[in-house]
Amino acid sequence: MKRILVISPSGEVYDHDNVRWYNYKDVQGSIGHYHNIGDAFVFDSSLKLLNYDRLDALEIAKPNMADLDRINAEYDYVFLRGSNYIHSEMNWEKAIEVLKKLRIPVIAWGIGAQAPVKGKLELSEQTKTVLRLMADSTTSIGVRGAYSAQVLWDLGIKNVRIVGCPTAFRRNNPDLEIKLPPLDTIKTAGITVRREVSRTYARNVERYLTFHRDMVKEMASRFDVVLMAQGEVEEKKMVFGTPAQREEAFATLKANAWVGQWYLDETMEKLHRERLFYSDVVADYEDLVQQKDMVLGYRLHGNLMALANGTPSIYFTYDSRTVEFAETYQIPSYDVFSGKTFSLEEYWDQSLFDKFNRAYRFMYREMRQFLVENGADTKMVDVMRKPEKEQLKAA
C-alpha cells in the first residue's frame with residue numbers, strides 16, 4: 001500500500017482524488033471567509049498524478065510530536081502542495097520542529113517565490129531553514145520557474161528542478177496541444193477576474209484595475225462571457241448570498257476607493273450581477289472551461305485549468321508570479337504595464353501557441369522525472385520510453 005501525507009491540503013478530498021472546499025454545502029458558514037479556490041486546483045491536480053492507497057494531512061500548526069515515529073514507519077513520503085510560499089511574510093508555524101523529526105522524503109512540489117516591486121526579496125531564517133530541510137530530504141526540490149530556482153540557488157540549494165505546476169498536467173495527457181480555430185468562430189469566453197491587488201507586487205494599481213475593467217468590457221461586447229472569480233468574499237456573496245448580502249457586497253466595492261473609481265462602473269456591475277461564476281468545487285471549474293471557446297484573464301490557475309483541458313488561454317501578467325508562469329510554459333501573455341494596446345487578434349496566433357505546445361511537452365517530462373527521482377509512484381506517462389510494439393520490432 002502507498003501511504004502519503006500532504007502539507008497544506010487546501011480542501012477536502014472525495015472520490016479518492018477530487019477536491020472541494022471544506023463543508024462546501026454550508027454556504028453561509030464560509031461566505032465571509034476568503035480562500036483562493038486556485039489552491040484547491042493545485043491540490044486536486046496533484047492527486048490526479050499520483051498512485052496511492054491512503055492520504056492524510058501532516059499537521060504543522062499544532063503537531064503531535066509523539067506521533068512522528070509512527071508516521072515515519074507507516075508513510076512513504078509527504079508532499080508540500082505547490083503554492084507561493086517563498087516570500088517575506090510566510091509563516092511556517094512549527095514546520096521546522098516537524099521536519100527535523102521526519103525520516104521520510106518531504107517533496108516540495110511546484111513551489112514558487114514572489115518578488116516585490118521594490119527592493120530585494122528578503123526571506124526569514126525560518127523560511128530558509130524549511131527550504132533547506134526539504135531540499136536535504138529529497139533528490140530534488142520542484143519549483144515553478146526560473147526566478148524561483150534562482151532564489152533557491154542563491155540560498156545554496158542546488159538540487160532544484162523547474163516543474164511548473166501540477167494543474168497543467170491534471171488530464172495526464174503528454175500529447176496535449178492547443179490548436180486555434182479561426183477567431184471569427186469564437187463565441188464563448190471565460191474571463192478570470194481578480195480585482196484584489198497590492199502595491200507590493202503590482203507597480204501601478206490604477207493601470208491594473210482600469211485595464212482589467214476595459215478588457216472585460218471589450219470581451220463582453222464581442223463574446224458570450226462568464227466572469228470566473230476564485231474566492232473573494234464580495235464575489236462569493238454576489239453568487240451565493242442572500243439578496244441583502246448581494247447588495248451589501250456591491251456597496252462594499254463601491255465604497256472602496258480603488259475599485260469604485262477604477263473598476264466597478266455601471267457596465268461592470270451589470271456583468272457581475274448577470275455573468276459572475278464561483279464554485280467551491282474544483283470539478284465545476286473544469287466543466288466550465290471545457291465548455292468555453294477560450295479563457296483569458298488575470299488568474300494564474302484559472303487560465304492554466306483551461307490550457308490543461310485544451311482550451312486556448314491568454315495570460316495578463318502583472319507580477320513576478322504570473323510572468324514566471326507564462327515564461328515556464330511559454331504561454332501567450334500580455335504585460336499589463338507595458339503601455340501597449342492589447343489586441344486579441346495579435347495573440348490569436350498559432351505560432352505563439354506552438355511555443356506553448358513544445359514547452360508543455362518538455363515540462364511534462366520534467367514533472368514526471370521529478371516525481372520518479374523523488375520516489376513518488378506517479379500515473380504520468382514515460383514519454384521517453386518506446387511503446388511495446390516498437391520495442392518488439394527493435395528486438
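On a predicted model such as this, the values are computed, not experimentally measured, just so you know.
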Side-chain heavy atoms of F79 within contact of I4, under 4.5 Å: yes

Exam field: side chain Q330 to backbone E327, donor-acceptor pair closer than 3.5 Å: yes

Nearest atoms (heavy-atom pairs only) where V205 meets V197: CG1-CG1, 3.6 Å

More than 12 heavy atoms from other groups under 6.0 Å of NZ on K379: yes

Test: E248 and K237 ion pair at under 4.0 Å: yes

Derivation of the side-chain hydrogen bond (donor to acceptor under 3.5 Å, both in side chains) call for N84 and R144: CA-CA 9 Å; N84 206 53; R144 68 173 169 229; 2.6 Å; yes

Option passing side-chain contact (heavy atoms from CB on, under 4.5 Å) with F41 (candidates D44, D39, I37): I37

Intermediate values then yes/no, side-chain hydrogen bond (donor to acceptor under 3.5 Å, both in side chains), N374 and S140: CA-CA 7 Å; N374 288 299; S140 60; 2.9 Å; yes

Joint cluster assignment, V233 & Y263, ILVMFWY side-chain distance < 4.5 Å: no

side-chain contact (heavy atoms from CB on, under 4.5 Å), paired with R81, selected from I7, I111, V42, L47: V42

Salt-bridge contact R195-E234 (side-chain N to carboxylate O under 4.0 Å): yes

Single-linkage hydrophobic cluster I31~Y24, side-chain heavy atoms < 4.5 angstrom: no

Exercise: identify the closest heavy-atom pair between L99 and M134: CD1-CG, 4.1 Å

N-O pairing of R194 and E235 below 4.0 Å: no

Qualifying residue, where the test is side-chain contact (heavy atoms from CB on, under 4.5 Å) with M305 and the options are R170, Q290, M228: R170

Under-4.0 Å salt bridge between K340 and D335: no

Pairwise side-chain contact, V6 with L55, heavy-atom cut-off 4.5 Å (strictly under): yes

Y298 side chain reached by V193 side chain, heavy atoms, under 4.5 Å: no

Donor-acceptor contact below 3.5 Å, side chain K292 vs main chain A306: no

E286/R171 ion pair, N-O < 4.0 Å: yes

Side chain proximity check, L121 to Q114, heavy atoms < 4.5 angstrom: no

D319 side chain vs Y201 backbone, donor-acceptor pair below 3.5 Å: no

Main-chain N/O of K62 paired to K94 side chain as donor or acceptor, under 3.5 Å: no

Y329 and F356 aromatic ring geometry - parallel, tilted or perpendicular at 30°/60° bounds: tilted

Shortest non-hydrogen contact from F325 toward C165: CZ-CB, 3.2 Å

Main-chain N/O of S351 paired with D349 side-chain donor or acceptor, under 3.5 Å: yes

Backbone of T127 reached by a side-chain donor or acceptor of S124 within 3.5 Å: yes

R273 to F250, cation-pi by 6.0 Å centre distance and 45° axis angle: yes

Lys/Arg-Asp/Glu bridge criterion (N-O < 4.0 Å) met for R275, D224: yes

Trace of the ring pair (Phe, Tyr, Trp, His ring centres under 6.0 Å) decision for F211 with F337: CA-CA 9 Å; F211 173 78; F337 305 122; 9.4 Å; no

Residues K254, E269: salt bridge by 4.0 Å N-O rule: yes

D287 CG: over 12 foreign heavy atoms closer than 6.0 Å: yes

Electrostatic pair D175:R361 at N-O distance under 4.0 angstrom: yes

Check: K100 and L133 side chains under 4.5 Å, non-hydrogen atoms: yes

Residues E177, K179: salt bridge by 4.0 Å N-O rule: yes

From CA spacing to verdict: side-chain hydrogen bond (donor to acceptor under 3.5 Å, both in side chains), E324, S148: CA-CA 8 Å; E324 183 176 34; S148 299; 3.0 Å; yes

Check ion pair E125-K128 (N to O, under 4.0 angstrom): yes

Lys/Arg N to Asp/Glu carboxylate O, K270 vs E266, below 4.0 Å: no

Residue pair D76, Y52: steps toward the side-chain hydrogen bond (donor to acceptor under 3.5 Å, both in side chains) verdict: CA-CA 10 Å; D76 295 279; Y52 60 92; over 6 Å; no

Y278-D280 side chain donor-acceptor pair, cut-off 3.5 Å: yes

Sub-4.5 Å side-chain heavy-atom contact between L304 and Y315: yes

Salt-bridge contact R358-D354 (side-chain N to carboxylate O under 4.0 Å): no

Donor + acceptor pair across side chains of Y364, N172 (<3.5 Å): yes

K25 and E12 ion-paired at < 4.0 Å: no

Over 12 foreign heavy atoms within 6.0 Å of CD, E89: no

